[in-house]
Amino acid sequence: MTVLIENIAGYEGQEVTLKGWLYNKTGKGKLLFLKVRDGSGLIQCVAFQADLSEEVFDIAKRIPQESSLIVTGVVRKDERAPGFPGGYEIGIKNLEIVQMAEDYPITPKEHGVEFLMDNRHLWVRSSRQWAILRIRATVIKAIRDWLDNHGYTLVDTPILSSNAGENSTDLFELDYFGTPAYLAQTGQLYNEANMMSFGKVYAFGPTFRAEKSKTRRHLIEFWMVEPEMAYFSLEDLMAMEEEFVSYIVQTVLETRKLELALIERDTTKLQNVKAPFPRIAYDDAVEMLKQLEAETTDAEQKQLLHMEWGTDFGSPHETAVAERFDRPVFVYHYPTAVKAFYMQPVAGRKEVCRSVDLLAPEGYGEITGGSERIYDHALLTERVKEIGINPENYRWYLDLRRYGSVPHAGFGLGVERTVAWICGLPHIRETIPYARMLHRLNP
RNA sequence: UCCUGAGUAGCUCAAUGGCAGAGCAAUCGGCUGUUAACCGAUGGGUUGAAGGUUCGAGUCCCUCCUCAGGAGCCA
């Protein structure tokens, strides 16, 4: 009977068959230990020469790392047995090689980043990468479950668009039968159209930024979920976001204990991630940073923390603000000048807008960015003109303000940054199966 | 794009301007409880590329390439 390693505890004393790959092997002469993985877990299979035919033992002795194999044997409980879930091993009765692997490049030793990224197609088999990508899958499922269960409709937005937006240098341009087209940076403008039909919608897909960013939290191609809600204020938005993000984190904590343990994530800081989240106005955050700058004695840190009202936060600022709290923190009412043209100005204070970013703890920075959108046709037209774009290019978008416009709000959450934070990873590149970075297009 | 650092065996790294080395991996042998096992043996090199200084360059100088870390920009 073919079984999955994750269910192995239910088969104690029974003969089972596993179909998988050889992860690693150690031996002691007449006794060999084969670590076998099958996609659901990892288990130790034991070959004892006296119990086996010469032929089968010889296979066990010679089979190289990452060969595909089918192993049959009896499940037994043993405290010494490694694996996940551990505590059980297979006493090998028969062993069949499906394909004998050539010399496998990734050995159970240390490797450099470049080598591992060059071998990403093989690196995804490593237990640490397996655990991270399983957590990623759970994060995505939690995102969709929460939204689907709270009245949101998934409405897909296009990846190819004719609209250059306000910052065409960050877009990937391609030839669309003779006219320029661009890879989507956001589905938000389409979300706003869809929201008028469904009330609460979300788009979920890959987005593309041709920024020459080279940091631990940037990818050229990354996944983003973008909810957009009719009749939502900034306060409604924050209340929704904190429930949403808490659900994602708590779901991973509950359902991915094994994976979190495998990557040795200290989950104590994640336990705190429950609504409500602290909220701080941009004005106050700037004051907080100025005070921190004044208090610090480290000249380098002083320079990094320096900022003037009206500028956007850099990553040192985000980290410094987030460090003051034990859970994600909302920073709201950013200067209008540093945010997108469609964000609603604060009544009586045009210089700031109804925007909010959510900063993750532990230095992971901005994981969501959102706002109330301008819903008045005249004001939005004026803002489009202000940024130097022909309103004709935004005709359909402006149209939305002519036919039953309503106050509304929405945000985008970066999947990879969220996974990096939940996993406690030093770099975002491990949170996506095949990272696209400034100088990385292969494999 | 800017700043800093690195590039030597399949991998991770050593080598004062003076014979190119180790551990792991591979191959062969030994070992009945291994957890990145251990012990013995064997094979393995255009020192990122081109140029220069020198009796002599992995090492010093110049240019370029690649990668990493940070900044800016952002999710």
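Chain identifiers are assigned alphabetically (A, B, ...) following the order of the sequence lines, protein sequences preceding nucleic acid strands; residue numbering begins at 1 within each chain.
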- Gap between atoms CG and C1', on A:Asn119 and B:rU12 respectively (whole Å): 15 Å

- Task: Taking only the side-chain heavy atoms of A:Arg80 (C-beta and beyond), determine which of B:rA75, B:rC28, B:rU34 contains the nearest atom.
- Result: B:rU34

- Message: Given B:rG69, B:rG72, B:rC11, identify the nucleotide with an atom nearest to the side chain of A:Lys214.
- Response: B:rG69

- Query: Which value, in whole Å, describes the distance between the C1' atoms of nucleotides B:rA25 and B:rA37?
  - Reply: 15 Å

- Item | Atom pair distance, as rounded to whole Å: CD in A:Gln185 and P in B:rC74 | 11 Å

- Query: Taking atom C1' in both B:rG56 and B:rG18, what distance in whole Å separates the two?
  - Reply: 7 Å

- Message: With rounding to the closest Å, how many angstrom separate the P atoms on B:rC28 and B:rG33?
- Response: 23 Å

- Message: Ring-plane angle category for A:Tyr342 and A:Tyr397, please: parallel below 30°, perpendicular beyond 60°, tilted otherwise.
- Response: perpendicular

- Task: Using a heavy-atom cut-off of under 4.0 Å over every strand shown, decide if A:Leu413 touches base, sugar-phosphate, or nothing.
- Result: nothing

- Task: Under 4.0 Å between any heavy atoms, over every strand shown, what does A:Arg76 touch: base, sugar-phosphate, or nothing? Just pick one.
- Result: base

- Query: What interatomic distance, in whole Å, is found between C1' of B:rU46 and the corresponding atom of B:rC39?
  - Reply: 36 Å

- Heavy atoms under 4.0 Å, any strand shown: does A:Gln188 hit a base, just sugar-phosphate, or nothing? nothing

- Message: Nearest to the side chain of A:Lys212, heavy atoms from C-beta on, is which of B:rU34, B:rU1, B:rC67?
- Response: B:rU1

- What is the ring orientation for A:His150 with A:Trp146, classed by angle as parallel under 30°, tilted 30 to 60°, or perpendicular over 60°? parallel

- Choosing from B:rC31, B:rA36, B:rA75, which nucleotide comes nearest the side chain of A:Lys30? B:rC31

- Task: Classify the nucleic acid contact of A:Pro82 as base, sugar-phosphate or nothing, counting any heavy atom under 4.0 Å across all strands shown.
- Result: base

- Message: Please classify the nucleic acid contact of A:Ser213 as base, sugar-phosphate, or nothing, using heavy-atom distances under 4.0 Å.
- Response: base

- Closest listed nucleotide, where the reference is the side chain of A:Glu211 and the choices are B:rA36, B:rG33, B:rC74: B:rC74

- Query: Can you tell me how far C1' in B:rC61 sits from the matching atom in B:rC3, rounded to whole Å?
  - Reply: 22 Å

- Message: Measuring only between side-chain heavy atoms, which start at C-beta, is A:Leu270 closer than 4.5 Å to A:Trp421?
- Response: yes

- Task: Spell out yes or no: do the side chain of A:His218 and the base of B:rC73 have one donor N/O and one acceptor N/O closer than 3.5 Å?
- Result: yes

- Message: Please pick, from B:rG33, B:rC11, B:rG69, the nucleotide with the shortest atom-to-atom distance to any side-chain atom of A:Asp78.
- Response: B:rG33

- Task: Between B:rC13 and B:rG48, how far apart are the P atoms? Round to whole Å, please.
- Result: 14 Å

- Watson-Crick/G-U partner (both atom distances under 3.5 Å) of B:rA9: none

- Query: Can you tell which of B:rA68, B:rC74, B:rG33 lies closest to the side chain of A:Val113?
  - Reply: B:rA68

- Message: Any donor-acceptor pair under 3.5 Å linking the side-chain atoms of A:Glu228 with those of A:Gln188?
- Response: no

- Message: Work out how far the C1' atom of B:rA9 is from that of B:rA22, and round it to whole angstrom.
- Response: 11 Å

- Message: If stacking means aromatic ring centre less than 5.5 angstrom from the base's six-membered ring centre, planes under 30°, is A:Phe33 stacked on B:rG33?
- Response: no

- Note on the structure: Of the candidates B:rA37, B:rC11, B:rG33, the side chain of A:Phe115 sits closest to B:rC11

- Task: Describe the nucleic acid contact of A:Thr207 in one word from base, sugar-phosphate, nothing, applying a heavy-atom distance below 4.0 Å.
- Result: nothing

- Item | Same-atom distance (P) from B:rA50 to B:rU59, integer angstrom | 13 Å

- With both distances under 3.5 Å as the test, what is the Watson-Crick or G-U wobble partner of B:rA57? none

- Message: From C-beta outward on A:Lys109, which listed nucleotide comes closest to its side chain: B:rG69, B:rC24, B:rG33?
- Response: B:rC24

- Message: Only pairs with both distances under 3.5 Å count, Watson-Crick or wobble alike; so what is the partner of B:rU27 in this structure?
- Response: B:rA41

- Mind calculating the distance between CG (A:Leu116) and P (B:rC67) to the nearest angstrom? 15 Å

- Query: Do the ring planes of A:Phe84 and A:Trp130 sit parallel (below 30°), tilted (30 to 60°) or perpendicular (above 60°)?
  - Reply: tilted

